[in-house]
Amino acid sequence: MNVMELYAQWRNADLPEDLQEELNRIEGDSAAIEDRFYQYLSFGTAGMRGVLGAGTNRMNLYTIRRVAEGLACYIDSHGEEAKKRGVVIAYDTRHFSREFAVETARVLGAHGVSSYLYREPRPTPQLSFSVRALRAIAGVVITASHNPKQYNGFKVYGEDGAQLVPSAAKAIVEHMEKIEDLFAIQAADAEELERQGLLRWILEEQDEQYLTNLLTLKERNDVDFGLDIVYTPLHGTGFVPVTKALEAFGFTNVHVVEAQASPDGSFPTVAYPNPEEPAAFGMAMELGKRTGADLLLATDPDADRLGVAVRKGGKYELLTGNQLGALLLHYLLETKKTQGTLPANGAMVKTIVTSEMGAAIARKYGVKTFNTLTGFKYIAEKIAEFEKTGEYTFLFGYEESYGYLIRPFAWDKDAVQVAVKVAEMAAHYATKGKTLLDVMEELYAAFGYYREALVSKVFEGKHGQEEMLAILDGLRERLPREVAGVPVVRVEDYWKGEAVVADEGTDGAFGRTEPLTLPKENVLKFVLADDSWVTIRPSGTEPKCKFYFGVVKESGEEAERALEELKRAFL
């Protein structure tokens with residue numbers, strides 16, 4: 001069925017009023033029609049994410065039913081026991097999140113698959129925790145994480161509480177592709193499912209169990225529990241678990257940004273509900289100045305990412321994801337060393353686009369570093385491997401995009417865990433007269449001045465996607481021999497599964513080839529002779545191509561200069 005046939009089919013369907021009005025508005029606009037119908041929203045290990053609206057390339061009731069039907073068929077293929085174990089479903093505060101969650105349960109129920117549905121919005125990491133706690137066969141969270149307000153998404157988790165492995169995602173897609181009529185997918189009545197015991201609402205018991213696990217993170221009492229902290233959930237799901245956990249830890253001066261405390265999918269006080277963005281801290285900084293707060297914390301809408309700002313004089317300075325990861329890793333390892341609990345087989349896991357500073361810190365403590373592709377599902381795979389073999393003990397996992405995991409009672413990045421641990425860390429250093437910025441400077445002096453940057457280029461629509469892929473193909477055909485005057489000594493091509501290496505004395509010629517052990521993905525990484533690097537990766541959830549840069553020098557000024565030269569030369 002072509003684009004115009006799909007458009008006509010949707011126009012003739014009995015749609016909700018908002019979707020019908022949208023299709024009426026774009027009548028005769030071929031570009032708008034093509035954008036909505038040229039493809040189905042893709043589904044993979046990171047789930048499905050897109051703009052809310054009408055069409056196969058949008059998030060709506062019908063595309064939700066399609067992926068829920070695929071999941072239901074996948075679970076059905078695993079037998080009655082899998083259907084009884086059921087699926088845990090959570091959702092964030094975005095528009096239609098609760099409706100999509102209920103619709104997912106209705107489609108699953110039509111196949112006789114049980115659901116545990118959260119009664120209120122809860123964080124993605126709590127969903128991961130609940131899948132494990134309830135021994136469910138899978139989990140679903142309706143969220144678009146830190147994307148703008150016009151987005152929503154559908155993420156699926158396996159029985160281990162981690163995002164789907166590729167084989168499971170592929171199987172679900174195969175079931176989805178067998179669906180011939182999107183409007184014929186069956187959805188059972190929710191009240192009838194409750195009567196049959198196929199739909200159970202959950203909340204308080206899971207909140208209590210999650211909090212109990214959060215309290216195991218408390219390792220120090222030599223802290224200033226009176227430290228002034230400002231927290232903002234940015235209208236998302238973090239408010240309940242973060243405030244309860246901070247209180248349970250013993251922090252007595254926590255100020256919540258009230259204007260951003262209530263759930264609201266319009267995110268009216270921020271242009272972009274992403275704690276990576278300085279503007280998202282605007283209200284938190286205002287409140288911090290009024291209260292004299294030392295530390296500002298912000299979680300994104302599904303509370304899997306945490307942003308942190310630290311008072312410096314009369315202003316606040318934001319920590320990057322790489323800086324916070326380095327601080328946390330050093331604090332965790334130093335605490336364990338001091339208390340005599342640092343295991344001899346400790347392991348830290350990070351992604352290939354995350355700063356190498358963490359690896360340097362880990363070496364000091366005799367902890368092994370493992371690198372993965374971008375995405376916390378790969379970090380979860382390493383946790384599973386460690387638990388199966390017992391060869392290593394997981395101590396910390398992180399990625400530069402503000403995602404961290406300390407204890408694997410959840411198997412995804414967990415901003416709630418990190419919020420309480422950052423508070424403890426800052427409060428510990430406060431007793432020594434230091435801020436996190438002071439400690440960061442000490443780490444730079446000890447390990448080198450690492451600097452990183454991320455530049456995202458947007459490629460909207462069908463033609464944009466084609467252009468983005470052409471960029472990587474062009475680089476593969478003409479590998480650069482140098483960048484900013486520095487020789488390229490290694491190129492890692494994760495699509496081909498190999499690295500090409502320029503050995504000394506070959507005038508920069510790439511002669512030697514080494515296999516890469518990480519999964520196949522359309523990513524290129526260039527390593528330079530001075531240990532700087534560039535990685536290019538198309539986003540799996542947004543119409544963007546991401547360019548990552550990293551350098552290390554002997555001073556901050558030299559590192560900043562080298563980073564800018566690297567960006568200019570490559571872009």
Side-chain angles (χ1 to χ4, degrees), residues 44-47 71 74-75 77-79 81-82 84-88 124-141 155-172 209-210 212-214 216-217 304 325 329 332-333 336 341-352 354 358-359 362-363 365-399 403-414 417 494 497 515-521:
T45 55
L71 175 61
Y74 172 71
I75 295 171
S77 70
H78 284 73
E81 179 62 24
K84 288 178 182 176
R85 287 175 62 186
V87 178
V88 185
T124 290
Q126 188 166 337
L127 177 279
S128 173
F129 167 80
S130 293
V131 171
R132 296 172 62 79
L134 292 167
R135 297 192 67 254
I137 194 65
V140 169
V141 60
K155 291 176 71 173
V156 182
Y157 288 73
E159 61 183 318
D160 57 3
Q163 291 179 41
L164 284 184
V165 297
S167 59
K170 184 173 181 283
I172 291 172
Q209 290 184 23
Y210 183 53
T212 297
N213 278 270
L214 288 169
T216 66
L217 291 161
D304 64 352
L329 178 64
L332 291 167
L333 299 184
K336 290 184 182 301
T341 58
L342 183 65
N345 66 342
M348 180 273 285
V349 189
K350 71 176 189 66
T351 69
I352 61 172
T354 298
R363 279 194 297 272
Y365 291 91
V367 170
K368 186 173 178 60
T369 295
F370 289 86
N371 285 292
T372 72
L373 292 177
T374 304
F376 236 84
K377 58 183 175 288
Y378 297 116
I379 293 177
E381 282 183 356
K382 298 306 292 185
I383 296 173
E385 178 186 314
F386 299 159
E387 290 194 356
K388 182 178 180 181
T389 66
E391 186 176 0
Y392 293 98
T393 298
F394 174 79
L395 298 178
F396 187 56
Y398 75 113
E399 56 188 5
Y404 318 89
L405 181 66
I406 301 169
R407 295 277 172 83
F409 53 80
W411 275 29
D412 203 351
K413 52 187 176 286
D414 190 342
Q417 284 191 30
Y494 290 91
L516 297 174
T517 59
L518 298 184
K520 183 177 180 179
E521 194 165 292

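Only this structure's heavy atoms are used, side chains among them; waters, hydrogens and symmetry mates stay out. All values derive from a computational prediction rather than experimental measurement.
- Looking at Tyr398 and Met348, their side chains come closer than 4.5 Å, going by heavy atoms from C-beta outward.
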Derivation and outcome, side chain to side chain contact (heavy atoms under 4.5 Å, CB included), residues Trp411 and Val131: CA-CA 10 Å; Trp411 275 29; Val131 171; over 6 Å; no
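- If you take CG on Leu332 and CZ on Phe396, they are separated by 6.0 Å, rounding to the nearest 0.5 Å.
- In this structure, Pro125 and Leu405 have side chains that are not in contact, with every pair of non-hydrogen atoms separated by 4.5 Å or more.
- For the pair Gln163 (side chain) and Lys155 (backbone), a donor-acceptor distance under 3.5 Å is absent.
- In this structure, Lys382 is not positioned above the aromatic face of Tyr378 in the sense of NZ or CZ being under 6.0 Å from the six-membered ring centre and within 45° of the axis.
- Residue Leu516 holds its CG atom at 12.5 Å from CD of Glu521, rounded to the nearest 0.5 Å.
- Side-chain contact between Ile352 and Leu518 is present, with at least one heavy-atom pair separated by less than 4.5 Å.
- Taken from OH in Tyr210 to CG in Leu127, the straight-line distance is 10.5 Å, to the nearest 0.5 Å.
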Could you walk me through whether Phe409 and Leu214 pass the side chain to side chain contact (heavy atoms under 4.5 Å, CB included) check? CA-CA 9 Å; Phe409 53 80; Leu214 288 169; 3.9 Å; yes
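- The two residues Asp412 and Ser128 make their nearest non-hydrogen contact at N-OG, 3.9 Å.
- The two residues Gly86 and Ala136 make their nearest non-hydrogen contact at O-CB, 3.3 Å.
- Between Phe386 and Tyr392, the closest heavy-atom pair is CB-O, 3.4 Å.
- Here the shortest heavy-atom pairing between Asn213 and Thr216 reads O-OG1, 2.5 Å.
- How far CD1 of Ile172 is from CD1 of Ile75: 7.5 Å, rounded to the nearest 0.5 Å.
- Here the straight-line distance linking atom CG of Asn345 with atom NZ of Lys368 works out to 12.0 Å at 0.5 Å rounding.
- A distance of 14.0 Å separates CG of Leu164 from NZ of Lys170, quoted to the nearest 0.5 Å.
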Would Val367 and Leu342 count as a side chain to side chain contact (heavy atoms under 4.5 Å, CB included) if you check the C-alpha gap in whole Å, the side-chain angles of each, and the deciding distance to 0.1 Å? CA-CA 9 Å; Val367 170; Leu342 183 65; 4.3 Å; yes
Side chain to side chain contact (heavy atoms under 4.5 Å, CB included) between Lys336 and Leu395, worked out: CA-CA 10 Å; Lys336 290 184 182 301; Leu395 298 178; 4.0 Å; yes
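- The side-chain heavy atoms of Gln417 and Leu217, taken from C-beta on, include a pair separated by under 4.5 Å.
- Looking at Lys84 and Glu81, no side-chain N of the basic residue comes within less than 4.0 Å of a carboxylate O on the acidic one, giving no salt bridge.
- Between the Asp304 side chain and the Lys413 main chain, no donor and acceptor come within less than 3.5 Å of each other.
- When each of Arg85, Arg132, His78 is tested with Glu159 by the rule side chain to side chain donor-acceptor pair (under 3.5 Å), just one qualifies, namely Arg85.
- Between Pro519 and Leu373, the shortest heavy-atom distance links the atoms O-CD1, 3.2 Å.
- Scanning all heavy atoms of the two residues, the minimum distance from Val140 to Leu71 falls at CG2-CD2, 3.6 Å.
- A 4.5 Å side-chain heavy-atom check between Asp414 and Phe129 finds every atom pair outside the cut-off.
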